[in-house]
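What follows is one structure encoded as structure tokens, with my remarks underneath.
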Amino acid sequence: MPLRIDVITIFPDYFAPLQLSLMGKAQQSGLVTIAIHDLREFTSDRHRSVDDTPYGGGAGMVMTPEPWGQAIDAVVTDQSTLIVPTPAGKLFSQPVAAELAHSTHLIFACGRYEGIDQRVVEYYRPRIDVRELSIGDYVLAGGDVATLAMIEASVRLVPGVLGNPESLVEESHQLPGVEYPSYTKPPTWRGLDVPEVLLSGHHDQIARWRAEQSTIRTTHNRPDLLPGS
Ligand SMILES: COC(=O)c1ccnc(N)c1
């Protein structure tokens, strides 16, 4: 059963990159189907408006609930997971990507402006799995880029999408800490040599060196990921 993804957005063109490379191949292989829907197709006024002023005052505009209700109703099933990208959400992570990769149907609601009227989440929460997810502690102009990131991180974990599943084993955020540094030809580049151990053919020594490098890198870049932190 392929993973089905429906993306609802006012900027469908943001998702053209999903036709390229690994994501494009995943769709051609039938492992994943991705459909992009323009929210404005679900408006009913002449101006195809999707936002209005916030109750309670404040700057910016809020996306009105009805177009979202119409758009989500057009694709939702009882197997759907509705994902709302928002800086206020739970943190998206590799384990969450793995969960999404094994879902049946994902609906991404890409909000703009100051966000989507909260009643959209409140309406669907009793009916289906609803997840407000953040890709990190920063604010974007909309949920589209976050959706691209979450789709790519999840789809690459769908069995069969990656040619060599081996490459999933060692990558960062799978093992405790981050990945060791990588090198390829030439052996010397602008006076810089590849670490000798990597050319030695001693697989035990290479594994030990890589584990050490992972710890050094994790300590320097992501001490929060160190065991026991
Ligand atoms: C409008 O959406 C965002 O700004 C957003 C969404 C998901 N993660 C973030 N860190 C920001």
Side-chain angles (χ1 to χ4, degrees), residues 3-18 23 32 34-43 48-72 75-76 80-103 105-125 128-158 171-173 178 221-225:
L3 167 61
R4 176 168 178 77
I5 299 176
D6 285 293
V7 178
I8 305 168
T9 172
I10 59 171
F11 292 118
D13 292 349
Y14 250 93
F15 295 91
L18 291 176
M23 294 300 105
V32 178
I34 303 178
I36 313 299
H37 308 274
D38 183 345
L39 180 69
R40 293 193 193 277
E41 299 297 318
F42 297 91
T43 58
R48 293 166 41 107
S49 57
V50 293
D51 63 313
D52 206 329
T53 52
Y55 278 124
M61 302 288 271
V62 175
M63 301 191 92
T64 53
E66 184 53 18
W68 287 104
Q70 294 290 332
I72 295 168
V75 296
V76 75
S80 304
T81 295
L82 174 63
I83 296 167
V84 182
T86 167
K90 290 185 179 177
L91 192 59
F92 180 75
S93 62
Q94 194 71 9
V96 175
E99 282 179 57
L100 300 187
H102 291 88
S103 303
H105 182 215
L106 303 175
I107 304 171
F108 286 89
C110 302
R112 284 265 148 179
Y113 311 108
E114 299 310 308
I116 302 171
D117 186 301
Q118 194 61 22
R119 287 170 292 181
V120 174
V121 165
E122 289 165 18
Y123 176 82
Y124 288 102
R125 189 149 268 162
I128 56 172
D129 180 21
V130 178
R131 297 187 178 201
E132 295 177 284
L133 293 177
S134 167
I135 60 168
D137 294 334
Y138 42 83
V139 180
L140 301 166
D144 309 82
V145 165
T147 295
L148 274 171
M150 290 191 273
I151 287 176
E152 183 163 314
S154 304
V155 166
R156 65 189 292 277
L157 298 181
V158 169
E171 69 183 12
S172 298
H173 303 291
V178 299
N221 293 341
R222 290 297 303 273
D224 59 299
L225 294 180

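Treat the numbers as computed from the prediction; the structure is a model and nothing was measured. Both counts, for ligands and for their atoms, begin at 1 and track the order of listing.
Inter-residue side-chain proximity for V50 and Y113 is flagged as met; some heavy-atom pair is nearer than 4.5 Å. Here the side chains of T9 and Y14 are not in contact, with every heavy-atom distance at 4.5 Å or above.
If you check which protein heavy atom lies closest to atom 6 (C) of ligand 1, you get T86 N, 3.4 Å. Of the protein's heavy atoms, G142 C, 3.4 Å lies nearest to atom 1 (C) of ligand 1. Of all protein heavy atoms, the one closest to atom 5 (C) of ligand 1 is P87 CD, 3.5 Å. For atom 11 (C) of ligand 1, the closest non-hydrogen atom on the protein side is Y138 O, 3.4 Å. Ranking protein heavy atoms by distance to atom 4 (O) of ligand 1, first place goes to L140 N, 2.7 Å.
By the 4.0 Å N-to-carboxylate-O rule, D117 lies close enough to R119 to be salt-bridged with it.
Considering backbone and side-chain atoms alike, D137 places every N or O at 3.5 Å or more from each N or O of ligand 1. Between I135 and ligand 1, at least one N/O pair is under 3.5 Å apart. Any N or O atom pair closer than 3.5 Å counts here, and A141 shares no such pair with ligand 1.
Ligand 1 lies less than 4.0 angstrom from a heavy atom belonging to L133.
The contact set between ligand 1 and G143, taken as ligand atoms under 4.0 Å from a residue heavy atom, comprises 1 (C), 2 (O). Every atom of ligand 1 with a heavy atom of A146 under 4.0 Å away is listed here by number and element: 6 (C), 7 (C).
Not a single donor-acceptor pair under 3.5 Å links the side chain of Y138 to the backbone N or O of P87. S80 contributes no side-chain N or O that, together with a main-chain N or O of L82, makes up a donor-acceptor pair within less than 3.5 Å. Distance alone, capped at 3.5 Å, is enough to place a donor-acceptor pair between the S103 side chain and the E99 backbone.
The salt bridge (charged side-chain N to carboxylate O under 4.0 Å, His left out) analysis of residues 138-152, with sequence neighbours excluded, yields the pairs R112-D144.
R48 and D38 get closest at one heavy-atom pair: NH2-OD2, 4.0 Å.
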